[in-house]
Every structure is written in C-alpha cells, then in structure tokens.
Enquirer: 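Please read through the structure below; I'll follow up with questions.
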Number of protein chains: 2
Amino acid sequence: MPKSVTRSHSRYTKEAVTLLSRLIRVARIERNLTAQEVAERSCISRSMLQRIEKGDLKCEIGAVFEVATILGINLFNAEQSSFTMAKNIRQTEERLTLLPQKVRKKTKVINDDF
Amino acid sequence: MPKSVTRSHSRYTKEAVTLLSRLIRVARIERNLTAQEVAERSCISRSMLQRIEKGDLKCEIGAVFEVATILGINLFNAEQSSFTMAKNIRQTEERLTLLPQKVRKKTKVINDDF
DNA sequence: GGTTAACGGTTTATATATGAGTCATCATGT
DNA sequence: ACATGATGACTCATATATAAACCGTTAACC
C-alpha cells in the first residue's frame, strides 16, 4: 500500500466483520478447539487467528473464510456439503452474461423528466 | 509475512469468495456504476476493485465487504437498514458468555495407580 | 490450593498486498 | 461508422500485514 491511505468503513461493513468474528470464536469454543489447533488447520498463525477473532478489518478474506469453513460455519447460507454454492455461482454468472460488459456514462443528460 | 507461507484454501472457501466477487460485479453493472466510481466511493483503488471482482483470496475483508455494502449487497442475510446485524452480534456474544473462556485439551489419565 | 496449558499482548524481520501509473483494446452511445 | 470512455493487464515503489518468538496473566482441571 503506497501512499498511506486511511480507509473508511461503513457501520454495516464493520458489523458484518464483527458478527463473523464472534461466530468464529463461539464455534471454536463450542467445538472445544484450541486457538493453536484451528490456526494450524487453517494454515495461519495463532496471532492471525487472534486478529480474526477480534474482527480486524484488514485480514485476508481467504484466511477469515477458511477459518469459518474449518469451524463449519456456513457462508452465504450455502451448506458446505451441497452444491448450492456452485449453483449460486453459475446463476450469478448467467445473470452477468445478460448485462453489458462496460458501463458507459451518458455524456448528454437525457430528458428523463417524468 | 516472514517465512514465505503457501496458503491452502478449501474448495468451499474459494467458492464463497468467488460467489461474492460475482455478486459484486453483477451489482455494479446493474447499477450502472463505473469501476472508478465504486472504487472511489469504497476508498480503494481501481486495481483493488479489479482483484476483488476477480475473487482474489488475499484482499482485505474490510475492503471486500465495504464494496459489497456500497453496492447494496446484504451480508449474512442482514438488511442494511435494520437492526438484525446488531441483534445477531448481541445474541452471539451472549452465547459466548455461557461458554468457558479457555479450551483445555489434556484430559489427563486419572489415577491409574489402583 | 497448586499446576500448567491456553490466552492476550507485545516486538521484530520480512514477504507482499496495495495504490498509482501506463498502455492497448474494445464495447458502447451517438 | 466513429469517437472515446471503460476496462484488463501489466509495472513499480512502499506501506504494512503476517509469522515467529517471547512473556505475564489467567482460567481450567486436578
């Protein structure tokens, strides 16, 4: 990250990350798994898991989702042992083909009055 | 990141990130927003948004969620204008208070000195 | 109460993610 | 058909996220 940039996050974003972090911590304790164990199985360090469980916004999404997956937390309401995720991806990609490939801003203001 | 670490990701993790990236791209096109516009409103660079829309696992979760939020995508089935997210957080934290704070592993073999 | 493993909070070195910039291509609105 | 703005695919410098190590505290089991 060149040119130090202070990120601003909407409240909704922060809450979403916070919720996921809490779900992760609860799931880990409930399953009686040590932080070290979960970290190793998720291929991350223990300090990384600590930040994830604290709801750090700067963690890699892949790492956070991997921990959630290891702990059996369903993402986007798609069960892990089903094909719903793949199906959702296909459906979304299908919608994409129906859309224009580029977004073009109108140079002229169209009279869209009424 | 010291000691170059190659991360391994489960299929489910990859698909979850991929799905979110597709949802983001579809939402952006549907709302007729330029990549540059969305990037600016999300406080990230255009190249960052490119990686997010490609489903890069190494993007910051805060950045990805922020883009999703800007585009009106609901995370964890919680509508952005409601209190469901905060309520879910509270409920999860409440569950946490009922759990032990540490996970203890070694259930040592009890006195076998008959 | 005593033992000890688990946890939180540091620090440090380094691999790398990110922002900024450039360029070629092409889809899109006129 | 044409002009051009949007996009993808790079490169590069650097701010920083991360793994590893350590330590003091604390909670869990005996």
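Bear in mind that the values here come from a model prediction, so they are computed numbers and not experimental data. Chain A is the first sequence line, chain B the second, and so forth, proteins listed ahead of strands; every chain is numbered from 1.
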Enquirer: In chain order, what residues pass the salt bridge (Lys or Arg N to Asp or Glu O under 4.0 Å) check against A:Glu53, with sequence neighbours excluded?
Expert: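 A:Glu53 satisfies salt bridge (Lys or Arg N to Asp or Glu O under 4.0 Å) with A:Arg25, A:Arg28 once adjacent residues are dropped.
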Enquirer: Surrounding CD of A:Glu93 (heavy atoms of other residues, nucleotides or ligands, distance under 6.0 Å), is the total greater than 12?
Expert: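 More than 12 heavy atoms, drawn from other residues, nucleotides or ligands, come within 6.0 Å of this atom.
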Enquirer: Using whole Å, report how far CZ of B:Arg104 lies from C1' of D:dA28.
Expert: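 To the nearest whole Å, that distance equals 5 Å.
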Enquirer: Look at the aromatic rings of B:Phe65 and A:Phe65 and report parallel, tilted or perpendicular, splitting at 30° and 60°.
Expert: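 Judged by the thresholds at 30° and 60°, the geometry between B:Phe65 and A:Phe65 is tilted.
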Enquirer: What bend angle does the helix from C:dG1-D:dC30 to C:dT30-D:dA1 show across its length, from five-pair end axes and to the nearest 10 degrees?
Expert: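 Overall, the helix from C:dG1-D:dC30 to C:dT30-D:dA1 bends by 80° from one end axis to the other.
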Enquirer: Considering heavy-atom distances to DNA chain C, does B:Ala63 or A:Pro100 have its closest nucleotide positioned more toward the 5' end?
Expert: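 So the residue in question is B:Ala63.
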Enquirer: Out of curiosity, B:Met48 CE to B:Ile52 CD1, how far, rounded to the nearest 0.5 Å?
Expert: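 Reported to 0.5 Å precision, the distance equals 4.5 Å.
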Enquirer: Look up atom CD1 in A:Ile24 and atom NZ in A:Lys54, then write down how far apart they are to the nearest 0.5 Å.
Expert: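 NZ of A:Lys54 is found 14.5 Å from CD1 of A:Ile24.
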Enquirer: Over how many whole Å does the gap from A:Glu66 atom CD to D:dT18 atom P extend?
Expert: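 Spelled out: CD on A:Glu66 to P on D:dT18 is 15 Å.
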Enquirer: Please examine the side chains of B:Met85 and A:Arg11, heavy atoms only from C-beta on, and report whether any two atoms are closer than 4.5 Å.
Expert: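 Result no, sub-4.5 Å side-chain heavy-atom pair not found.
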Enquirer: Distances under 3.5 Å between protein N/O atoms and the N/O atoms of nucleotides 22-26 of chain C, please, pair by pair.
Expert:
unit_1	atom_1	unit_2	atom_2	d
C:dC26	O2	A:Lys102	NZ	2.4

Enquirer: Got a second to check how far A:Ser45's OG is from A:Gln36's CD, nearest 0.5 Å?
Expert: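 Rounded to the nearest 0.5 Å, the OG-CD separation comes to 9.0 Å.
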Enquirer: Measure the spacing between CD1 of A:Ile29 and CG of B:Leu96 and express it to the nearest 0.5 Å.
Expert: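 If I round to the nearest 0.5 Å, the distance is 6.5 Å.
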Enquirer: Looking at residues at least two apart in the chain, or sitting in another chain, which of them share a salt bridge (Lys or Arg N to Asp or Glu O under 4.0 Å) with A:Arg46?
Expert: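 Applying salt bridge (Lys or Arg N to Asp or Glu O under 4.0 Å) to A:Arg46 gives none.
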Enquirer: May I ask you to test the B:Asn88-B:Phe83 pair for a side-chain heavy-atom distance under 4.5 Å?
Expert: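 B:Asn88 does not reach B:Phe83 side chain to side chain.
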Enquirer: Is the phosphate of D:dA19 approached by B:Arg7 (side-chain N or O, under 4.0 Å from OP1 or OP2)?
Expert: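 Answer is yes, contact under 4.0 Å.
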Enquirer: Check DNA chain C against residues 47-58 of chain B and give the residues with a non-hydrogen atom under 4.0 Å, in numerical order.
Expert: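 Hits under 4.0 Å, by residue number: B:Ser47, B:Met48, B:Arg51, B:Lys58.
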Enquirer: Hey, are A:Glu66 and B:Arg7 close enough for a salt bridge, meaning a charged N less than 4.0 Å from a carboxylate O?
Expert: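 A salt bridge is absent here (no side-chain N lies under 4.0 Å from a carboxylate O).
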Enquirer: Report yes or no: do B:Thr18 and B:Ser21 form a side-chain donor-acceptor pair below 3.5 Å?
Expert: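 There is no such pair (donor and acceptor under 3.5 Å, judged by atom type) between the side chains of B:Thr18 and B:Ser21.
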Enquirer: Going from CD on A:Glu60 to CG on B:Asp56, what distance comes out if it is rounded to the nearest 0.5 angstrom?
Expert: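 Here the interatomic distance stands at 8.5 Å.
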Enquirer: So if I take residues 22-42 of chain B and measure heavy-atom distances to DNA chain D, which residues fall below 4.0 Å?
Expert: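 Within residues 22-42 of chain B, the residues near DNA chain D are B:Arg25, B:Arg28, B:Thr34, B:Ala35.
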